[in-house]
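Below you'll find the structure, written out as structure tokens, and then a few comments.
When a residue number appears, it is its place in the shown sequence, counting from 1.
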Amino acid sequence: MARLAILRLVRKRLEAAGVSRVKASILGPTIFHEVKRYRVTEARALLQPIDMVEVVEVARFRIDGGRLWREYCRWHSGPIDHRDDPRERIYCGNRVAEGQGYCREHRRSERALYEYCMSMSGSKALEACKVLDSKTRLEYALYMLDKGDGKPKVGVTRSFRLLERIAEQPHTVATLLHVFDSAYQARKAEMLLSRDLGIATEKGARKARYTADPGRALARIRYVAEKAAKLLGIRWEESFFRVDPPELMKTAKQLEQLKDTIEVDVKAYWGGFLVVNAENLGILSVKDQRLLHKDGSSLV
């Protein structure tokens, strides 16, 4: 019998992949910018068997279709203020009963406060950010990325996770707008740009999109980032970067529905999508948010 497990994280290894010189032009003079490029060179799934608190790293596992999945508390023992080895974390084994992804035992933890601050909206988010600031002081990166459609996306993450966070979202090019030492100030700036002024959005792309013309994407994000810096009264360094999608990603079929159990081999990761080789189905892309913190997986 398959051993049920919870997908907790896709561990990613990122490496520098060079620098491209991109022509940014829509209207007006043509300007060239350097874009630092990175790539995900390794991706592995971290699964927590439901009878354990530790995780197991695997490249092959099953995605269990045909049944209802249960959601589990997102708390783990990793530090909130610096990078750690996620393979050594201890995870909570409680099913979610309180909403917002945390059980009663952990709903007031620093990790829960961070998620409330970053994922809730309006005054509720800002109140959580204030409490978080009173408990710990971190550096927060306010970033912007072009997602291939409509307005650029603006977001906030802990500075040491910036590159990894960009790798988790579909994008053509990204930029760091500013670094804050307060979660409250960072989120307030994000909300000002998205909800109050409307020059950016907090919503990411629902599908893995690839912009055919990176120059147009660069021009769009450059224009909006310059405007954002003036409105916020901050200094923007005008530096750009991106995480290149793997070749397999460009031809993978996105898995929309899952009715049967499939066994998959993890091949790559980009933009919040696992790229897997599924028996009898070929190369697929699966949005990791569909699987994370749910017992929809099992060990082979």
Side-chain angles (χ1 to χ4, degrees), residues 3-15 38-64 69-96 100-103 106 109-119 138 141 155-170 204 208 243 246 249 255 258 263-276 284-300:
R3 190 178 183 188
L4 287 184
I6 308 152
L7 178 65
R8 287 304 195 176
L9 181 74
V10 179
R11 186 180 67 81
K12 304 166 281 291
R13 183 191 301 276
L14 288 120
E15 293 182 358
Y38 299 87
R39 63 187 174 194
V40 178
T41 59
E42 181 185 53
R44 293 290 183 270
L46 296 186
L47 298 180
Q48 176 194 0
I50 59 171
D51 57 348
M52 293 175 57
V53 293
E54 297 87 1
V55 290
V56 179
E57 182 176 82
V58 298
R60 176 189 287 258
F61 66 102
R62 292 189 184 95
I63 302 175
D64 299 327
W69 298 345
R70 296 165 295 185
E71 186 177 355
Y72 286 74
C73 176
R74 302 182 182 201
W75 180 89
H76 63 75
S77 62
I80 196 172
D81 59 349
H82 63 271
R83 194 176 301 280
D84 69 323
D85 187 340
R87 294 169 292 187
E88 298 177 357
R89 293 173 183 169
I90 300 299
Y91 276 87
C92 179
N94 295 329
R95 295 180 197 169
V96 173
Q100 294 296 327
Y102 288 85
C103 68
H106 295 117
S109 65
E110 286 186 1
R111 185 159 299 283
L113 278 173
Y114 174 79
E115 193 151 339
Y116 300 157
C117 168
M118 297 299 162
S119 63
L138 302 175
V156 175
T157 190
R158 289 165 290 172
S159 289
F160 67 85
R161 280 203 81 245
L162 176 60
L163 187 58
E164 187 173 3
R165 182 68 187 116
I166 298 300
E168 294 168 351
Q169 303 171 82
V243 179
M249 184 78 202
L255 183 65
L258 179 63
E263 189 169 311
V264 300
D265 286 302
V266 179
K267 296 297 183 182
Y269 179 92
W270 181 83
F273 289 84
L274 267 172
V275 182
V276 300
L284 304 174
S285 65
V286 185
K287 196 166 181 61
D288 60 3
Q289 290 295 330
R290 293 179 60 186
L291 303 175
L292 287 172
H293 311 300
K294 301 179 181 72
D295 60 359
S297 306
S298 59
L299 297 172
V300 174

Presence of salt bridge, Glu164 and Arg13, under 4.0 angstrom: no

Lys12 with Glu168: basic N within carboxylate O range, under 4.0 Å: yes

Non-hydrogen atoms of Leu274 and Phe61 that approach each other most closely: CD1-CZ, 4.3 Å

For the student: nearest non-hydrogen atoms of Pro86 and Val55, plus distance: O-CG2, 3.8 Å

Trace of the salt bridge (Lys or Arg N to Asp or Glu O under 4.0 Å) decision for Arg87 with Asp85: CA-CA 5 Å; Arg87 294 169 292 187; Asp85 187 340; 3.0 Å; yes

salt_bridge(Arg11, Glu42) N-O dist < 4.0 Å: yes

CZ/Arg290: more than 12 non-hydrogen atoms of other groups inside 6.0 Å: yes

Spacing of CG belonging to Leu7 relative to OG belonging to Ser297, to within rounding of 0.5 Å: 5.0 Å

Check: Tyr72 and Tyr91 side chains under 4.5 Å, non-hydrogen atoms: no

Student check: side-chain heavy atoms of Val300 and Val58 closer than 4.5 Å: no

Short side-chain donor-acceptor distance under 3.5 Å, His293 and Arg8: yes

Note, Ile6 side chain near Leu47 side chain (heavy atom, < 4.5 Å): no

Heavy-atom closest pair, residues Gly78 and Asp84: CA-OD2, 3.6 Å

Ring-face cation of Arg111 near Tyr116 (centre distance under 6.0 Å, axis angle within 45°): no

Under 3.5 Å donor-acceptor, Glu115 side chain and Ser119 backbone: no

